[in-house]
Amino acid sequence: MSKLSIHWFRKDLRLADNPSLHFAAQNGPITPIFILDTVNNTQKEFNLGEASSWWLHYSLNSLNESLGDRINCFSGDPLKIIEQLISAYEIESFSWNRCYSPWEIERDTKIKSFLKENDIEVKTFNASLLWEPWEILKDDNTPYKVFSPFYRKGCLKKHAGPREVVAKNDYSFSDKLASSIDIDSLKLLPKHHWKDKLNKHWKIGEKSAMEKYIHFRDNGLTGYKEGRNFPAQENVSVLSPHLHFGEISPHQIWFDNKSAFPEKDVAHFHSELGWREFSYYLIYHFPFMCTENLNKRFDKFPWSENQDFLSAWQKGKTGYPIVDAGMRQLWETGYMHNRVRMIVASFLVKNLLIDWRVGMEWFNDCLCDADLANNTASWQWTAGSGADAAPYFRIFNPILQGKKFDPDGEYTKHFVPELKNLPSKFLFAPWEADDSVFEEAGINYGEDYPKPIVSIEESRDIALKAYDQIKG
DNA sequence: ATCGCCTTATT
DNA sequence: ATAAGGCGA
């Protein structure tokens, strides 16, 4: 048997623009492996949530189809599995594309030196970031903490630019290894029926990811800059889960010719990719922030542990329609529009006074695009404890946000159908309607739909006082 | 060292 | 109109 050129698939579940795969192909057929790591990410913050586990199952199946059913799956401790592979087979080369979560960096560093000690050629590549986090620094060689200068100066001006897209070849793949298991044996599908709802909302895999990008480009990119704020409009790409699992790369998107589209929309869409980069950048330079406040002052913040509030938030029964619509969209579809993510997160942290980590855990479990970097950076941003955070007093008002960004109530009524007959002027503040309005709308207020669990004004004041306490 | 600037707001 | 405060050059 000839020597194996192993490519280790991780967050790069595609054939196109895959530098490691491209490298492995130089030595004949590639041996593609996937390892479900059951050892290094057991901490709940890093664990594969239910929705992303569900996604991964189908993404692997889609990938495997492209590989002609040649994927080799394993489950367990990657180091041990790789150890077994190199003792059982002769290895020509071992390669992968980099991952950037702190626990992945730690794991991969160990595996890389282990392979080197055993005289195996090991190569790693960039497949998922436009700018390597260590390549962008201020003039004083410390990392940026504010997005705009990071992106405009660090990324766009000073850097030579992202690597080119790797051409796709007709790769060939070796026969399956005897010790590998099949995808089903990874047991990624959740047992309960929640997942059944997800099926109708998504097409998973490399081909669908590219189709979705093209569809967005041709139908949603024009008007993106403003339209992206309106959850009822189709001006967002919804590429996040595909990007998370690497079914499509930011390079493929970045370098795609968009000259037919308005410059301001294109620039803004690119800057959103920049935000994704910034999140990865932050957790690379400040790995502790995945579990701890970036701003240490927040360690003293008097978070509430109100389980009733948390449960109402999770179920979408807070009595604030735009918040509830968002939380139900999450539960129904494994996704939430970005504008609404900010609204529900602000509500949890600044009106219910619940620790951002509790919200992050729920998002991690329910979002198909659950991503440690984006989740960490965005929750901390909302909580005010993170980098480039909004001033603490900038607390989202769910009534005003609803009126402003869902003016016709289309999004809210879709996910909170019990309010569909409520006149628009009351939709985001139902308590302002009197009995006759509810009667006419056929709503038993307080039964069919809950009354607010907290007062916006009072809870806002409490949050501001708590913030005053932790100020230096 | 100082000064302009800052994704996503609210009243 | 207003609201802190820190970052970046």
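Lettering follows sequence order; numbering is per chain, from 1.
Here the P atom of nucleotide C/dG5 and the CG atom of A/L464 are 12 Å apart, to the nearest Å. As rounded to whole Å, 11 Å separates atom C1' of C/dG6 from atom NZ of A/K138. Going from atom NZ of A/K153 over to atom P of B/dG4 covers 16 Å, rounded to whole Å. Look at CZ on A/F150: it is 13 Å from P on B/dT7, rounded to the nearest Å. Taking atom CD1 of A/I395 as the reference point, atom C1' of B/dT8 lies 15 Å away to the nearest angstrom. Taking atom CG of A/D461 as the reference point, atom C1' of B/dT10 lies 13 Å away to the nearest angstrom. Rounded to a whole Å, the CG atom of A/D140 is 9 Å from the C1' atom of C/dG8. Taking atom CG of residue A/D139 and atom P of nucleotide C/dC7, one finds them 17 Å apart after rounding to whole Å.
Taking 4.0 angstrom as the limit, A/S148 places a side-chain polar atom (N or O) nearer than this to OP1 or OP2 of B/dT7. A close approach under 4.0 Å does not occur between any side-chain nitrogen or oxygen of A/Q401 and OP1 or OP2 of B/dT8. OP1 or OP2 of C/dA9 has at least one side-chain nitrogen or oxygen of A/Y144 nearer than 4.0 Å. For B/dA9, one of the phosphate oxygens OP1 or OP2 lies less than 4.0 angstrom from a side-chain nitrogen or oxygen of A/R339.
Within 4.0 Å (heavy atoms only), A/D388 reaches sugar-phosphate atoms of the nucleic acid but no base atom. Nucleic acid contact for A/E272: base, since at least one base atom lies under 4.0 Å from a heavy atom of the residue.
Relative to the side chain of A/F396, the nucleotides B/dA9, B/dC6, C/dG8 differ in distance, and B/dA9 lies closest. For A/H268, taking side-chain heavy atoms from C-beta onward, the closest of the listed nucleotides B/dT8, B/dT7, C/dC7 is B/dT7. The side chain of A/W381 has B/dT8 as its nearest neighbour among B/dT8, C/dG8, B/dT7. Of the candidates C/dG6, B/dC6, C/dA9, the closest approach to any side-chain atom of A/R152 belongs to B/dC6. Here B/dT11 is the nucleotide among B/dA9, B/dT8, B/dT11 with the atom lying nearest to any side-chain atom of A/N397.
A cation-pi arrangement is absent between A/R98 and A/W96, since the terminal nitrogen or guanidinium carbon is not both under 6.0 Å from the aromatic centre and inside a 45° cone about the axis. Annotation: cation-pi geometry not satisfied between A/R328 and A/F415 (NZ/CZ under 6.0 angstrom from ring centroid, within 45° of ring axis).
Residues A/Q329 and A/Y411 bring a donor and an acceptor atom of their side chains to less than 3.5 Å of each other.
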- Go through the steps for A/Y224 and A/S237 under the test side chain to side chain contact (heavy atoms under 4.5 Å, CB included), then give the verdict. CA-CA 9 Å; A/Y224 175 79; A/S237 73; 5.8 Å; no
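Pairing for C/dC7 goes to B/dG4, judged as Watson-Crick or G-U wobble with the two contacts each under 3.5 Å.
Nucleotides C/dA4 and B/dT11 have their P atoms positioned 14 Å apart, rounded to a whole Å. Rounded to the nearest Å, the gap between the P atom of C/dA1 and that of B/dT7 is 23 Å.
When atom types are taken as modelled, the side chain of A/D365 and the backbone of A/G49 share no donor-acceptor pair closer than 3.5 angstrom.
Screening A/H337, A/H201, A/K212 against A/V238 for a side-chain contact (heavy atoms from CB on, under 4.5 Å) leaves a single residue, A/K212.
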